[in-house]
S.K.: 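Mind having a look at this structure? Questions to follow.
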Amino acid sequence: MSTASSNMTVKARETSGAPDEYYVGLGRLEKSLPKSTYFDPAQYDRELKAIWYKEWNYVCRSEAIDRGSFRRHAIGDQDVLIVRDEQGDLHAYHNTCRHRGSRLCTAQEGSLNSGSIVCPYHAWTYALDGKLTGVPGLAMPPDFDKASFSLFPVAVSVWRGFVFINLDPTAVPNFEPFGARVASLANWPLEELRLGYSFSLNVACNWKIFWENSSECYHCPGVHPELSKLVPMVGRGILELRQDPNWQENQHKQHPRFQGGIAEGVMTYSIDDGQTKGSSFPGLTDEDLRTGFGIRTNWPSVVFAANIDMVRTHRVRPLGTEETEVSVEYFFSEENLANPEFDPKSNIEFTRRIMEQDAKVCELNQAGLRSLEFQSGVLMPSENYVLAFQEWVRSRLSA
């Protein structure tokens, strides 16, 4: 699953000759991050505080949380409770009682049958808007004010049907991912999609290794033979035309090896040679159908990968210095899910295979870093988006 990241772009580094301002590949040797940044506990803690607790994190689809129900989402050692009140509004809170800090909800998700959040320890009770409404006891301190003990809020925002949270107290709601490049998914009816399947993998690697792998296709010819067949450009080890140092010469060649997009005769990502019995999403342009997919990332937590008949989210969550959870959700139109001839297993099997191939090489990468001799790697020209990601990490740590 290789994707050019949209958080940042990197132009070619200047070489001894005149630089090509449109070529995006690296023009000089760049070092990768030091190996200790991938397994040092102190570094991991810094990244949690400077990145994961400051950036927007994808949680789930909005319709996954019914009125009067909750869902928990952990980021590092922070546990967040997301609830929907009876008016349909979403709220998010630290999953912590204001009395003496007990965890409030222990199940991953469920219904709040009383319409309230009740602490299992001393039964302090909170309305779904976070206000403390009930405190058992024979007596109260004379200066105790329930209004001063509401749940600690967490910023929550819904973007096109997808729920994001942010632990930063200064975070502004109405989150818009992808910046100016959000238009790349504008033609896909994201709000109308329905979940068809999901699975999770725990990958034995640092979260940054997952994102580095997802930011280049230098590995694709050898690691992803099926993907390289369906998307000929990645079979050349590049993600886009302007990663090709000979792009000016090749830009007029119409074959997908040079222009990008899916191979001729291919419709979507599936093990049935890229075919599908489902309908394509309405509203896609001829260019969308020719390209066959649209991919955008929002570091550090999610990849959106859209084909003509499905959309996937790859949600990333660090579980430790050398363990990362990747949860993949498959969304389809209601029309396709109701069509007895449409079988999403072919889409799922194809993309799951790619995910497992990526997981394997990410784990190999993590294991190899333990060498006494290895200190840091180097980046090849087509790994410009890996450098972009690493510079993004450095920028967040130095902010």
Side-chain angles (χ1 to χ4, degrees), residues 1-6 159-162 177-178 180-197 214 217 220 224 226-236 238-244 247 250-297 303-314 328-354:
M1 182 196 62
S2 300
T3 63
S5 181
S6 63
W159 175 78
R160 301 194 64 188
F162 296 90
F178 318 123
R181 302 180 75 181
V182 69
S184 62
L185 296 178
N187 297 331
W188 272 264
L190 301 185
E191 296 88 345
E192 301 167 16
L193 301 181
R194 293 296 176 261
L195 179 66
Y197 183 77
S214 297
C217 239
C220 289
H224 300 309
E226 299 90 352
L227 180 63
S228 297
K229 179 182 177 181
L230 262 60
V231 186
M233 178 173 278
V234 306
R236 299 175 62 215
I238 59 175
L239 289 162
E240 59 177 291
L241 171 65
R242 290 186 296 135
Q243 283 183 326
D244 179 355
W247 74 270
N250 292 327
Q251 65 179 319
H252 303 297
K253 298 177 181 179
Q254 296 306 307
H255 195 280
R257 280 174 51 83
F258 305 102
Q259 295 300 318
I262 53 178
E264 295 179 5
V266 169
M267 300 173 67
T268 188
Y269 285 4
S270 76
I271 58 173
D272 298 326
D273 292 325
Q275 301 306 302
T276 179
K277 291 185 179 179
S279 301
S280 60
F281 293 120
L284 298 184
T285 66
D286 290 343
E287 179 63 14
D288 294 329
L289 296 172
R290 182 199 69 79
T291 303
F293 59 87
I295 298 177
R296 284 292 168 259
T297 68
V303 179
F304 282 81
N307 292 93
I308 68 165
D309 58 348
M310 69 172 172
V311 173
R312 303 184 316 281
T313 58
H314 297 241
V328 185
E329 297 171 312
Y330 294 78
F331 299 96
F332 303 91
S333 67
E334 291 186 355
E335 176 189 359
N336 278 343
L337 288 176
N339 180 0
E341 294 187 0
F342 176 68
D343 186 358
K345 291 180 182 177
S346 182
N347 306 88
I348 294 164
E349 174 58 27
F350 181 86
T351 51
R352 183 164 191 151
R353 190 175 300 175
I354 296 172

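Residue numbers run from 1 in the order of the sequence given. In this text the structure is predicted, and so the values were computed from the model without any measurement.
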S.K.: Using a 4.5 Å cut-off on heavy atoms from C-beta on, say whether the side chain of Y197 contacts that of P344.
M.R.: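 Contact flag for P344/Y197 side chains = no.
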
S.K.: Should the pair F332 and F342 be assigned to parallel (<30°), tilted (30 to 60°) or perpendicular (>60°) ring geometry?
M.R.: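 The arrangement is perpendicular - the two ring planes meet at more than 60°.
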
S.K.: Using side-chain heavy atoms (C-beta onward) and a distance below 4.5 Å, is E192 in contact with F281?
M.R.: no

S.K.: Are any side-chain N or O atoms of Q275 and backbone N or O atoms of G265, one a donor and one an acceptor, separated by less than 3.5 Å?
M.R.: yes

S.K.: So, does N336 use its side chain to make a donor-acceptor pair with the main chain of S279 at under 3.5 Å?
M.R.: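 Yes, the answer is positive, given that a donor and an acceptor are paired below the 3.5 Å cut-off.
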
S.K.: Just by modelled atom types, is the H252 backbone N or O under 3.5 Å from a matching donor or acceptor in the Q254 side chain?
M.R.: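 Checking the backbone N and O of H252 against the side chain of Q254, a donor-acceptor pair under 3.5 Å is found.
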
S.K.: I'd like to check the side chain to side chain donor-acceptor pair (under 3.5 Å) partners of K277; sequence neighbours left out, ordered by chain and number.
M.R.: none

S.K.: Around K345, counting heavy atoms of other residues, nucleotides and ligands shown, do more than 12 lie under 6.0 Å from its NZ?
M.R.: no

S.K.: Between I308 and L284, is the side chain to side chain contact (heavy atoms under 4.5 Å, CB included) condition met? List the steps.
M.R.: CA-CA 8 Å; I308 68 165; L284 298 184; 4.0 Å; yes

S.K.: Go through it in stages, so that I can follow the logic: the residues are F350 and T268, the test is side chain to side chain contact (heavy atoms under 4.5 Å, CB included), and I'd like the CA-CA distance, side-chain angles, deciding distance and then a yes or no.
M.R.: CA-CA 10 Å; F350 181 86; T268 188; over 6 Å; no

S.K.: Give every donor-acceptor pair under 3.5 Å between a side-chain atom in residues 227-236 and any protein atom, sequence neighbours left out.
M.R.:
| unit_1 | atom_1 | unit_2 | atom_2 | d |
| --- | --- | --- | --- | --- |
| S228 | OG | C220 | O | 3.2 |
| S228 | OG | H224 | O | 2.9 |
| R236 | NH1 | R257 | O | 2.9 |
| R236 | NH2 | D244 | OD2 | 2.9 |

S.K.: Show the nearest heavy-atom pair for residues L185 and R296, with the distance to one decimal.
M.R.: CD1-CB, 4.3 Å

S.K.: Pick one: which of I348, N347, N307 meets side chain to side chain contact (heavy atoms under 4.5 Å, CB included) with R312?
M.R.: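 That would be N307; it is the only one of I348, N347, N307 passing the side chain to side chain contact (heavy atoms under 4.5 Å, CB included) with R312.
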
S.K.: Please name all residues satisfying ring-ring contact (aromatic ring centres under 6.0 Å, His included) with F331, sequence neighbours left out, ordered by chain then number.
M.R.: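 Per chain and number, F331 pairs via ring-ring contact (aromatic ring centres under 6.0 Å, His included) with F162.
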
S.K.: Any side-chain heavy atom of L289 within less than 4.5 Å of one from S280?
M.R.: yes

S.K.: Passes side chain to side chain contact (heavy atoms under 4.5 Å, CB included), I271 versus S346? Steps please.
M.R.: CA-CA 5 Å; I271 58 173; S346 182; 3.3 Å; yes

S.K.: Could you check F304 against W188 for side chain to side chain contact (heavy atoms under 4.5 Å, CB included), going step by step and ending with a plain yes or no?
M.R.: CA-CA 11 Å; F304 282 81; W188 272 264; over 6 Å; no

S.K.: Applying salt bridge (charged side-chain N to carboxylate O under 4.0 Å, His left out) to E349 and R352, what does each step give before you reach the verdict?
M.R.: CA-CA 5 Å; E349 174 58 27; R352 183 164 191 151; over 6 Å; no

S.K.: Take atom CD in E287; do more than 12 heavy atoms of anything else shown fall under 6.0 Å from it?
M.R.: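 It does: E287 CD has more than 12 such atoms within range.
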
S.K.: Does E334 use its side chain to pair, donor to acceptor, with the backbone of L193 at less than 3.5 Å?
M.R.: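 No; zero donor-acceptor contacts below 3.5 Å.
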
S.K.: What pair of heavy atoms forms the shortest contact from Q251 to L241, and how long is it?
M.R.: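 Answer, listing the atom of Q251 first, then L241: CB-CD2, 3.8 Å.
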
